[in-house]
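One is the number of the first residue; the rest follow in order along the sequence. Just so it is clear, the structure is predicted and the values come from calculations on it, not from any experiment.
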Amino acid sequence: MDQQMRRRRRIDRAIIDRLARRQGRRAAATLEGGTIRNGRVYSPDGIDMSHRFEVKATVLPRARRYFRNRSEMGRYAEENGGYVWGLFKSCATMEMYWADAGLTQSDFARLMFIGTYTDYEGVLRHPNGRRITKDSMRELVGIHRTKFDEFYGKLTAASIIKEAEDGAIQMSPDVFARGEIPIGEYVDRIRIYRNTVRELYGKYGTGRSVRQLGIIYSVIPFMHRNLNIICFNPLEKNDDLIRPITLDKLALMIGYQDAGKFKKALRAINIGNQPVFAFVEDVEDSRKRRILVNPRVVFAGDFEGLMACRAIAAVFN
């Protein structure tokens, strides 16, 4: 009896070993030429091998880099309160671009501030979701009613904003927009970081200093899209071919005859303990300084550009 039981056990073990070897060969063959149909894994001879394999989505290196880059860009945006896209015509001064509207540098500062309240539908809203009306906009901008009415009239006449019958204010998507925008438009759009711009307006948006604040936005059309340096060719992708605009030339372009006063005006604007503008000295002529814009205020580039700007961010400390 015991002998018969031992014999059966040997036979069972042999069968199990044979099946295991067969399964092993089939599993190996499945890796070589198996197929997946309707979520099941089949060996080349048609046997369902799903119990031996787990189907997982494979993340390609390109996709992995994409999500890493999106994540890093998202974190940077979150650090600065998110952003809206601002449309700027490359290498055209704001005065030239808005010549017909009669906007001044002070108006640019107010417009930039208002633009940060644009929602995904283009409607101006407070952070709590409440719509901004003409009256609440005047309170936000913080200027006398007469001056505000003049400013508001310029914006509506230029179709920058449009007031609906229910009082809601719609921002033109050709000036500010949020969310995804069509591929190809990014070259003229720059990220305007909401918290930073609002902080600057709270500090410089009233009185005579508002014109100094407007300088920031006047130079944006000349800001290199990836390196935040003020230059003549902001869309140039080859770093060696970038042609910086020196301080003396930029002063004349913006309307300052005195480069020294212009530099003083730029230096006077700070975010917390950081300047908005940094200067690279020219040892031969101090008027020919190169100018960098703090990427906490505005930035247009991609992941590589952000890494480069983070690397040079120490100059703003």
* Structure fact -> Sorted by chain and number, sequence neighbours left out, ring pair (Phe, Tyr, Trp, His ring centres under 6.0 Å) with Tyr152 holds for Phe148
* Asked: Do the side chain of Asn233 and the main chain of Arg243 share a donor and acceptor less than 3.5 angstrom apart?
  -> yes
* Asked: Should Ile271 and Val276 be marked as a side chain to side chain contact (heavy atoms under 4.5 Å, CB included) after you check the CA-CA gap, both sets of side-chain angles, and the distance that decides it?
  -> CA-CA 7 Å; Ile271 315 167; Val276 171; 3.7 Å; yes
* To do: Answer yes or no: is there a donor N or O on one side and an acceptor on the other, between the side chain of Arg225 and the main chain of Met223, under 3.5 Å?
  => yes
* Got a donor-acceptor contact below 3.5 angstrom from the Thr196 side chain to the Arg296 backbone? -> yes
* Asked: Is there a donor-acceptor pair closer than 3.5 Å between any side-chain N or O of Thr116 and the backbone N or O of Arg194?
  -> no
* Asked: Can Asp248 and Thr246 be counted as having a side-chain donor-acceptor contact under 3.5 angstrom?
  -> yes
* Report the C-alpha separation of Phe279 and Arg290 in whole Å, then their side-chain angles, then the decisive distance to 0.1 Å, and conclude whether the side chain to side chain contact (heavy atoms under 4.5 Å, CB included) test is met. => CA-CA 6 Å; Phe279 303 91; Arg290 274 66 169 171; over 6 Å; no
* Can you name the closest pair of heavy atoms from Leu247 and Ala259 and give their distance? -> CD2-O, 4.0 Å
* **Chi angles and distances behind the side chain to side chain contact (heavy atoms under 4.5 Å, CB included) call for Val297, Tyr193** => CA-CA 6 Å; Val297 183; Tyr193 291 106; over 6 Å; no
* Any sub-3.5 Å donor-acceptor pair from Glu236's side-chain atoms to His224's backbone N or O? -> no
* Asked: Can we say Asp107 and Arg110 salt-bridge, meaning some charged N sits less than 4.0 Å from an Asp/Glu carboxylate O?
  -> yes
* Asked: When you look at NZ of Lys261, are more than 12 heavy atoms from neighbouring residues, nucleotides or ligands closer to it than 6.0 Å?
  -> no
* Asked: Between Phe108 and Tyr217, is the ring centre distance below 6.0 Å?
  -> no
* **Between CZ on residue Arg125 and OH on residue Tyr120, distance to nearest 0.5 Å** => 13.0 Å
* Closest non-hydrogen atom pair between Leu103 and Ile160, with its separation -> CD1-CD1, 3.9 Å
* To do: Determine whether Tyr201 and Leu140 fall in the same hydrophobic cluster, where Ile, Leu, Val, Met, Phe, Trp and Tyr are linked whenever their side-chain heavy atoms lie under 4.5 Å apart.
  => yes
* Go through the steps for Phe176 and Ile114 under the test side chain to side chain contact (heavy atoms under 4.5 Å, CB included), then give the verdict. => CA-CA 10 Å; Phe176 292 102; Ile114 290 300; over 6 Å; no
* To do: Quick one: sort the Tyr117 and His126 rings into parallel, tilted or perpendicular, breaks at 30° and 60°.
  => perpendicular
* **Donor-acceptor pair, side chain of Tyr83 and main chain of Val298, under 3.5 angstrom** => no
